[in-house]
Amino acid sequence: MTAQSTADLHSHPGVRFVPLLGVPGITVSLVWPVSRVHPALIDFVAVVRRCVRN
Amino acid sequence: MSDAADLVGALDVRYLRVLVALAEEGTFTDAAIRLGTGQPSVSRTLARFEDLLGVRLVQRTTRSLSLTPAGEACYRAAVDALAALAGVVDAAQGHTRPLRLGYAWAALGRHTSAVLRAWREQRPDVPLEVHRIDDRTAGLRAGLVDVAVRRDDVSDLNLHVEPIFEEGRLAAVPVGSTLAERDFLTLDDLADQLIALSSAAGTTTLGLWPAAARPSRVIDVTNTDEWLLAIASEEAVG
């Protein structure tokens, strides 16, 4: 019961990942505090979006 | 009564930090933890700030606190002021402060390494630090990161949530088990198994199952390594 990303990043010779049906998907989000926005954050979000599109 | 310019001259950045921490953490204890100080110091600093302004900013009750209308307005202005002050420091340092990315589980999946490569090309001036932090907020709560990857429902008004992509769910089962021979599984197939999940950092809770069909046996793990080991050793599924 994990995200597709877990299988993409973590393989283990003793573990097989099997699609799970009938459950809601997962939304992956970037989250940051509105009170402390890093000056390069907007660029970072743009880079992530571009990589995910490709 | 001082005029406005005198009041600004008497402002201390610590006053603003204390107000923001109280507003966002909701208790004196948690605000003190965020600021790395003690609760008495937070109370004293707030009292000095309120004395200076001649206005009550925070309504204290026995168990919690709330902002007064003046406190709310001051909080929003303090957030902007602290961001502007951070901008002064960034300008002086040529924007070289590293960008710290936190995650608790699986980062950005198959996109992770592409993002790191693309960032190095696009912004070689800003190092990107990636930290796995075994905590549901991936270090946001403790202020350890600037931005976090989250897969849970975030309903904190102090946080901006930017949805990036959707992904499906998988079951992780031991390779030798009969479950591993299936092309797909359902929650019913897994309900009588020992379930490995991480209440601190994971993406799944027992709430995924309907209340009547919830697994009765659960093992709580701290991180991805422990989770994989519990499954590979044929102790559990995940």
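First the proteins, then the strands, lettered A, B, ... as listed; each starts at 1.
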So which part of [X] gets closer than 4.5 Å to some heavy atom of chain A, the side chain, the backbone, both or neither?
X      : answer
B/T112 : side chain
B/L179 : backbone
B/D183 : backbone
B/W105 : side chain
B/E24  : side chain
B/L228 : both

Report the option among [options] that has the most heavy-atom pairs separated by less than 4.5 Å from atoms of chain A.
options                        : answer
B/A106, B/G176, B/A78          : B/A106
B/T186, B/L99, B/V79, B/V115   : B/L99
B/D189, B/L159, B/L185, B/L101 : B/L185
B/D156, B/T137, B/L187         : B/L187
B/N158, B/L82, B/I231, B/V145  : B/N158

Quick one: closest heavy-atom pair of [X] and [Y], and the distance?
X     : Y      : value
A/M1  : B/T203 : O-OG1, 4.3 Å
A/P39 : B/R97  : CD-NH2, 3.4 Å
A/H38 : B/P98  : NE2-O, 3.2 Å
A/C51 : B/A114 : SG-O, 3.6 Å
A/L9  : B/G109 : CD2-O, 3.6 Å
A/P33 : B/D146 : CD-O, 3.6 Å

Pairwise distance [atom1]([X]) to [atom2]([Y]) - rounded to 0.5 angstrom:
X     : Y      : atom1 : atom2 : answer
A/S35 : B/D80  : OG    : CG    : 10.5 Å
A/L30 : B/L108 : CG    : CG    : 6.0 Å
A/S29 : B/D153 : OG    : CG    : 9.0 Å

Using side-chain contact (heavy atoms from CB on, under 4.5 Å), reason through A/T6 and B/W227 one step at a time and then give a plain yes or no. CA-CA 11 Å; A/T6 309; B/W227 182 78; 3.7 Å; yes

Under 3.5 Å, is there a donor-acceptor pair between the side chain of B/H111 and the main chain of A/N54?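 Pair absent, no side-chain N/O of B/H111 close to backbone of A/N54.
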
Contact between B/R110 and A/S5 at the side-chain level, heavy atoms closer than 4.5 Å - yes or no?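 A side-chain contact is absent here, since even the closest heavy-atom pair is not under 4.5 Å.
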
With a 4.5 Å heavy-atom cut-off, do A/F44 and B/L128 have their side chains touching? yes

Let me know which of A/V45, A/V31, A/L41 forms a side-chain contact (heavy atoms from CB on, under 4.5 Å) with B/V147. A/L41

Would you list the pairs meeting salt bridge (charged side-chain N to carboxylate O under 4.0 Å, His left out) in which at least one residue belongs to residues 31-41 of chain A, sequence neighbours left out?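 Residue pairs with at least one partner in residues 31-41 of chain A: there are none.
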
Can you confirm whether more than 12 heavy atoms, excluding those of A/R49, are under 6.0 Å from its CZ atom?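 Yes.
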
Tell me every residue that passes salt bridge (charged side-chain N to carboxylate O under 4.0 Å, His left out) with B/E25, counting only those two or more places apart in sequence or in another chain. B/R34, B/R141

Taking A/V52, A/D8, A/I26 one by one, which has the highest count of heavy-atom pairs under 4.5 Å against chain B?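 With the most close heavy-atom pairs to chain B, the winner is A/I26.
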
For each of A/T2, A/V47, A/D43, tally heavy-atom pairs with chain B at distances under 4.5 Å, and name the one with the top tally. A/T2

Among residues 161-174 of chain B, which residues come closer than 4.5 Å to chain A, judged by heavy atom distances? B/V161, B/E162, B/P163, B/I164, B/F165, B/E166, B/E167, B/G168, B/R169, B/L170, B/A171, B/A172, B/V173, B/P174

Would you give me the side-chain donor-acceptor pairs under 3.5 Å for residues 11-24 of chain A, sequence neighbours excluded?
residue: A/H12; atom: ND1; partner: A/G14; partner atom: N; Å: 2.9
residue: A/R16; atom: NH1; partner: B/A180; partner atom: O; Å: 2.1
residue: A/R16; atom: NH1; partner: B/R182; partner atom: O; Å: 3.2

